[in-house]
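Below you'll find the structure, written out as structure tokens, and then a few comments.
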Amino acid sequence: MQKKFYITTPIYYVNDKPHIGHAYATLLADVLARWHKMKGENTWFLAGTDEHGAKIAEAAQKHNQAPQEFTDEISALFRETWKNLNIVSSDFIRTTENRHKVSVSAFMSALKDKGYIYEGTYEGLYCTSCERFYTEKELTPEGQCPDHKRKPETIREKNYFFKLKSFLPEIIKDIEEGRMKIYPKKRYNEVLSMLEQELTDISVSREHVKWGIPLPFDTNQTIYVWVEALQNYISALGYDPDEKKQDKKFTAYWPADIQIIGKDIAKFHCIFWPALLKAMDLPVPKKFIITGFFTVDGQKMSKTIGNVIDPNVLLKDFGVDGTRYLILSQFPVGEDGDIKASGFHVKYNADLADTLGNLCSRVANMIHLYSGGKVSVENMSAGKWEEKYEQAMNNDNVFEALAEIFSKARELNREINEVKPWEKAKRDKESVIPFLQNWAARIAGLGYELQPFLPTAGRTIHEQFQSGAPQKKLILFPKITVK
Ligand code: MSP
């Protein structure tokens, strides 16, 4: 039977336009989805936007817009940006869509019917920017939210609670026994240590937040935005708690094979989410890949500092594949890292123009000079994956896999410099042909491997060299003059 592969990204808040951190996580999912598709798996890739809650309502108000109008605009911007980056998701879910509201309402009613919801009063310190409560201990010495440096509000209201605590021992077992994998190891340890702390049941509704999905059994309340947002991963598959109404898509794809999330949202995904799923007798995700945080020139990206990198601006300078490369080649998956915005041109020129681009154009050119524009690459190994690359990809180490391709490209360039075919050709043109055949085949192989990362350039390189007759002037990545 054909293997299935379901991968998701976090759904992004639509309070502001997408930045390079969002693009990174989504590109990572795109690369893995493309890879699994190439392996012949039945792949489903979900992306989307998170549109309810006080934070979004606040942002809409600041722009003097109604929340729906505001979220329509920003959500479209995310979708557009992914399209510009040649990110091809199978579906894009917005939490303001009816299909999401219907699925979530049914989920919440079923949760209540199963006895996992109870009424209580909540008093706590709430940070609207995070859309979460904090304990005093978690705040900075000045009493502020550590992420947003803003003083949380004290909120006291009637809420409904979910019996989270009953599911914690099972979740610990699932993690420890590898049924729900968490990468990298550092984050695995962090999640387990969060689970060892005294966790309380979570509130699943808000009395004073109006911009949200009404709680089906008490419409004076809306569903807590996180509880609702997490469900996008199944609402998009048409999940219905009533077996008889279950969507085929849900049966085909759930549980997710990989959920990509950021380190700041690990608690919601690795603890709250599996608990909600367990309460509904649903399987938990097979694996979480937890990405780190990008800083830019040593600082957190922020509008006030003015260091937010907009992927659409990079696209203008470096093109689609160039931008994909620059974002994906920054750091190993899961690491934090600092991006030097001024280094993009240097990296583009060194890796794409001078290494990969130059390799392709010089070999194409030599095929025309010494072999009449064609060599035979039949029976060569092109189109097969190198073991190291394949292993890295199968371990979701897209950074290593990409680096491996470029190290092979550098190796080939060195080999050409050593062989000096231009000198050989002066004596005997024919003697160069076997070298050209071998190089063309190897470049075709690299093109093949590049496809999940640089879909257009990868395909072009593969096709041009696999045919043995690349075009004479093959300029894939024109050099950029550093401004
Ligand atoms: N809406 C929630 C997620 C709900 S998922 C059911 C949310 N949205 S977010 O837009 O604030 O962040 C989405 C993702 O972007 C998170 O995984 C977060 O880690 C990631 N990033 C936000 N800033 C980032 C960087 N500076 N660098 C890398 N990724 C970062 O949280």
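Note that the numbering runs from 1 along the sequence shown for the chain. Counting convention: from 1, in listed order, for ligands and their atoms alike.
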| note | In terms of its nearest heavy atom to atom 30 (C) of ligand 1, the top option of Phe294, Phe331, Phe293, Tyr24 is Phe293
| field | Closest approach of any protein heavy atom to atom 15 (O) of ligand 1, naming residue and atom | value | His22 CD2, 3.5 Å
| request: Hey, could you give me the CG/OG1 distance between Asn15 and Thr49, rounded to the nearest 0.5 Å? | output: 11.5 Å
| message | So if I count the atoms of ligand 1 from 1 in the order they appear, which ones are less than 4.0 Å from some heavy atom of Gly21? | response | 27 (N), 28 (C), 29 (N)
| Side chains of Lys163 and Tyr118: closer than 4.5 Å at any heavy-atom pair? | yes
| said: Out of all atoms in ligand 1, which are within 4.0 Å of some heavy atom of Met301? Include the element for each. | reply: 26 (N)
| task | Closest by any non-hydrogen atom to atom 8 (N) of ligand 1: pick that one out of Phe272, Tyr13, Tyr233. | result | Tyr13
| message | Show the atoms of ligand 1 that are less than 4.0 angstrom away from any heavy atom in Asp50. | response | 1 (N), 2 (C), 4 (C)
| task | Say whether Trp273 and ligand 1 are in contact under the criterion: heavy-atom distance to a ligand atom below 4.0 Å. | result | no
| Which is closest to atom 2 (C) of ligand 1 in terms of heavy atoms, Ile265, Ile11, Thr295? | Ile11
| Among all protein non-hydrogen atoms, which one is nearest to atom 17 (O) of ligand 1, and what is the separation to 0.1 Å? | Gly262 N, 2.9 Å
| Distance under 6.0 Å and angle within 45° of ring axis: Lys112 vs Phe217 | yes
| said: Once you restrict to heavy atoms under 4.0 Å, what part of Lys300 touches ligand 1? Side chain, backbone, both or neither. | reply: neither
| Tyr12 neighbourhood, listing ligand 1 atoms whose heavy-atom distance to it stays under 4.0 Å | 10 (O), 13 (C), 14 (C), 15 (O)
